[in-house]
Amino acid sequence: MTAMTRRGFVKGAALAPVALKTFGLGQQTPSTDRFDVVVAGAGHNSLIAAAYLAKAGFRCIVLEGRPILGGGVKTAELTLKGFLHDTCSSAHTALFDNPLIREDELKLGDYGLEYIQPDPVFHMPFPDGTYLTQWRDIDRTCAEFAKFSKKDGAAYRRMLTEYESVKPFLEATTFSPIGFAKPLNDRLAEHPKGKLWQRRLAMSAWQIIRDNFEDDHCRSFMLASPWSNQPPDHPVTGRSAYSSFNQQRWSRPLPKGGSGQLSEALARYIEAHGGVVLPNKPVVRLIIESGKCTGVECEDGSLYRAQKAVLSTIHIKQLVDMAPRELWTQDFVDGVDSWQAECSMIATNYATTEPPKYAVSGGTLSPVHSGLMASPERALRFGYDYARGAVNLDDPPLHIICCTIADPTRAPQGMHTVKVVGYQPYDLKEGPQHWDAIKDHVAEASLRYLRRFSPSLTDEKILARVVDSPLDLERMNPHNWHGSCHAGAWGPSQSGNMRPVPGWAQHRMPIPGLYQTGATTFPGGSVTGAPGRNAATVMLKDFGTSIDQVVGKKS
Ligand SMILES: Cc1cc2nc3c(=O)[nH]c(=O)nc-3n(C[C@H](O)[C@H](O)[C@H](O)COP(=O)(O)OP(=O)(O)OC[C@H]3O[C@@H](n4cnc5c(N)ncnc54)[C@H](O)[C@@H]3O)c2cc1C
């Protein structure tokens, strides 16, 4: 296994990097070296795009501003030696629908990537002492809903079947760049219930959940497992009402050894195909020659030129300042100026001697993924708390992730990593800087609330902790603009062909030679890999080939 620290990679013995070329991770490369594509930022999306381009024979250099690559898909010894924490994401559920994984297009298993699919999938204890557990076995999960309401047990099964029938239509749109595949509504016209699905997708998640489930425990579970970071009563959040069914199919998959193993496997793939991946290379400027983007300049003054294109995963709010404003077109600048942040998170990583333990019939249960959502009303207050800039200390919605239960390689023997993710506003009434004063207090309140459900997680079981407020998450990764770990809100004004900016949703930016990927682009954030594969699809077409040809599919 390869261990990592915040400062860079420490190569381990068990999993040797595959066929590292002349310039391995962390080494310097002469800026005179020639590359077809220069990639600015190494999130999982830009790494995925670079991996497909490398497979097609284009020489790529990936420049990451931080000491460790991966952005939100990164693992580090945040607390104590030997405790490997996922700094942001752990569950790669949506990636399993991407042809990258679903069809194993790049054979990343050969580059060290291995997934664990935990069972149970998700557990939610409630303030009245009851609980609902989602198991990989569908009948067992339906029985959990039926404990509260027979009607809700049947509703879960019916909605799952309905969703499975429409999922291929949704996936075909998600994993194609805007304008490259039939628009979703045209596709839905071929589905027997296509018109109903058009309505459902335009509804709010809350409307769908309220109409299908009668019991508040079942409603809370459907609202918060997984939690979508969007207020569930907002229009066009209808698809989130069905998110639990994605994890019913795939569980919430974890890369063995840490979330960052996905980023590392992609980096190995790029290097094995003639590319270079360099950490500690913040990009500060785009090189423009004869109106075309031909490379980038890093903070240390080094210049990297691209023979074919530059691919950026720099947040659009920062990207527009890296070239003269007049080159972007006014509609693009207007679109960037009006970009909205999303509902932010606070993450506390603990090194512990014990996992969370929840009381269940006949004993206790220690799941990898659990969540606290006191009631549907609590979920519905979420958007209001954000609008007011108010921190919730009494009954905060929380996700608790203890990867070491399924993957003991992430901590010393018998020890655990526990991540508590809360949902709190970046923009406090006192301003975002106030987070530095209150973050420990907020983390304490969240832990106190968790202990109401898992009382054995006492101070003696906690060896160390690191709190990352929404402001810290932005400091950790400038792509988390204003604490937006999905780069920005996902409402109708920033979805589909409006992401990142109306008229510029096809990854091609207004400056010729410059492409954009990552969570600012369609379909948005989370570990889907869709913006990455879609950007590669567009670039490969522009370079005179196609992604189907590159992965050996007949088109
Ligand atoms: C606490 C937390 C938990 C989460 N949990 C999950 C989860 O379980 N499942 C899930 O699907 N999603 C989760 N997410 C969200 C997910 O991590 C992100 O949406 C996703 O990783 C975004 O990927 P990306 O490729 O778009 O960009 P990023 O991962 O943000 O990568 C962008 C990269 O570009 C680099 N960069 C930016 N600017 C520059 C520059 N100027 N020069 C050089 N480099 C630059 C950054 O340093 C970064 O490495 C979580 C997020 C957080 C914060």
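Atoms considered below: every heavy atom in the structure, side chains included; atoms not considered: hydrogens, waters and symmetry mates. Ligands are counted one by one from 1 in listed order, and the atoms in each one are counted from 1 as well. The model shown is predicted, which means the values in this text are computed figures rather than measured ones.
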Contact (N/O only, under 3.5 Å) between Ala40 and ligand 1: no
Side chain, backbone, both or neither: Ser89 near ligand 1, heavy atoms under 4.0 Å: both
Test side-chain contact (heavy atoms from CB on, under 4.5 Å) applied to His44 and Val527, Leu100, Leu69, Thr313, the passing residue: Val527
N or O contact, Ser90 vs ligand 1, cut-off under 3.5 Å: yes
Aromatic plane relationship, His399 with Tyr423 - under 30° parallel, 30 to 60° tilted, over 60° perpendicular: perpendicular
N/O separation below 3.5 Å, Asn480 to ligand 1: no
Minimum side-chain heavy-atom gap Lys74-Cys88 below 4.5 Å: no
Atoms of ligand 1 close to Gly65 [distance to a heavy atom under 4.0 angstrom, numbered from 1]: 43 (C), 44 (N)
Atom NZ of Lys256: over 12 foreign heavy atoms under 6.0 Å: no
Nearest-0.5 Å distance that lies between atom CG in Leu223 and atom CZ in Arg378: 12.0 Å
Ring centres under 6.0 angstrom apart (His234, Phe382): no
Region of Leu63 that comes within reach of ligand 1 [heavy atoms, distance under 4.0 Å]: backbone
Ligand 1 N/O within reach of Ser526 N/O, cut-off under 3.5 Å: yes
Near-ring test Tyr515/His507, centroid separation under 6.0 angstrom: no
Subset of ligand 1 atoms that lie under 4.0 Å from at least one heavy atom of Pro282: 42 (N), 43 (C)
Atoms in ligand 1 with a heavy atom of Lys281 nearer than 4.0 Å: 43 (C)
Closest approach of any protein heavy atom to atom 31 (O) of ligand 1, naming residue and atom: Gly43 CA, 3.2 Å
Contact check: Ile314 vs ligand 1, nitrogen or oxygen atoms, below 3.5 angstrom: no
Residue and atom name of the nearest protein heavy atom (relative to atom 29 (O) of ligand 1), distance in Å to one decimal: Gly72 N, 2.7 Å
Closest approach of any protein heavy atom to atom 41 (N) of ligand 1, naming residue and atom: Val283 O, 3.0 Å
Aromatic ring proximity, centroids under 6.0 angstrom, Tyr115 and Phe96: yes
Atom indices of ligand 1, in the order listed, that fall short of 4.0 Å to a heavy atom of Gly71: 29 (O), 31 (O), 48 (C), 49 (O)
Atom 32 (C) of ligand 1 - nearest protein heavy atom and its distance: His479 ND1, 3.7 Å
Distance-only donor-acceptor check, side chains Gln247 and Ser225, under 3.5 Å: yes
Modelled atom types, side-chain donor and acceptor of Ser259 and Ser90, under 3.5 Å: no
Heavy-atom donor-acceptor pair, Trp490 side chain to Gly524 backbone, under 3.5 Å: no
Nearest neighbour in protein (non-hydrogen) for atom 26 (O) of ligand 1: Ala519 N, 2.8 Å
Ligand-side contact atoms (ligand 1) for residue partner Val527, heavy atom cut-off under 4.0 Å: 10 (C), 11 (O), 12 (N)
Atom 46 (C) of ligand 1: nearest protein contact (heavy atom, Å): Asn477 OD1, 3.2 Å
Heavy atom of the protein closest to atom 15 (C) of ligand 1 (residue, atom name, distance): His486 NE2, 3.6 Å
Ser370 and His123 side chains, donor-acceptor separation under 3.5 Å: no
Of the listed options Glu64, His44, Arg66, Met345, closest to atom 48 (C) of ligand 1 (non-hydrogen atoms): Glu64
Gln318 heavy atom under 4.0 Å from ligand 1: no
Backbone N/O of His486 and side chain of Ser484: donor-acceptor pair under 3.5 Å: no
Under 4.0 Å to a heavy atom of Val73 - the qualifying atoms of ligand 1, by number: 21 (O)
Ligand-side contact atoms (ligand 1) for residue partner Ala91, heavy atom cut-off under 4.0 Å: 7 (C), 8 (O), 9 (N), 10 (C), 11 (O)
Aromatic plane relationship, Tyr449 with Phe453 - under 30° parallel, 30 to 60° tilted, over 60° perpendicular: perpendicular
Distance in Å, Ile288 CD1 paired with Cys293 SG, rounded so as to fall on 0.5 Å steps: 4.5 Å
Nitrogen or oxygen of Thr87 less than 3.5 angstrom from that of ligand 1: no
Closest to atom 18 (C) of ligand 1 among Ser259, Gly525, Cys485 (heavy-atom distance): Cys485
Leu473 N/O under 3.5 Å from ligand 1 N/O: no
Min heavy-atom dist Gly70 to ligand 1 below 4.0 Å: yes
CG-CZ distance between Asn477 and Arg66, expressed to the nearest 0.5 angstrom: 8.0 Å
Arg533 to Tyr52, cation-pi by 6.0 Å centre distance and 45° axis angle: yes
Heavy-atom donor-acceptor pair, Asn534 side chain to Pro531 backbone, under 3.5 Å: no
Any N/O pair Val421/ligand 1 closer than 3.5 Å: no
Selected option - heavy-atom contact closest to atom 37 (C) of ligand 1, from Pro478, Ser344, Ala347: Pro478
Nearest protein heavy atom with distance in Å, relative to atom 36 (N) of ligand 1: Gly41 CA, 4.0 Å
Side chain to side chain, Met373 and Met124, heavy atoms closer than 4.5 Å: yes
Any N or O of Gly518 closer than 3.5 Å to N or O of ligand 1: no
Sub-3.5 Å N/O-N/O distance, Met476 and ligand 1: no
Residue portion contacting ligand 1 (non-hydrogen atoms closer than 4.0 Å) for Ala94: neither
Ligand 1 versus Asn45: contacting region, heavy-atom distance under 4.0 Å: both
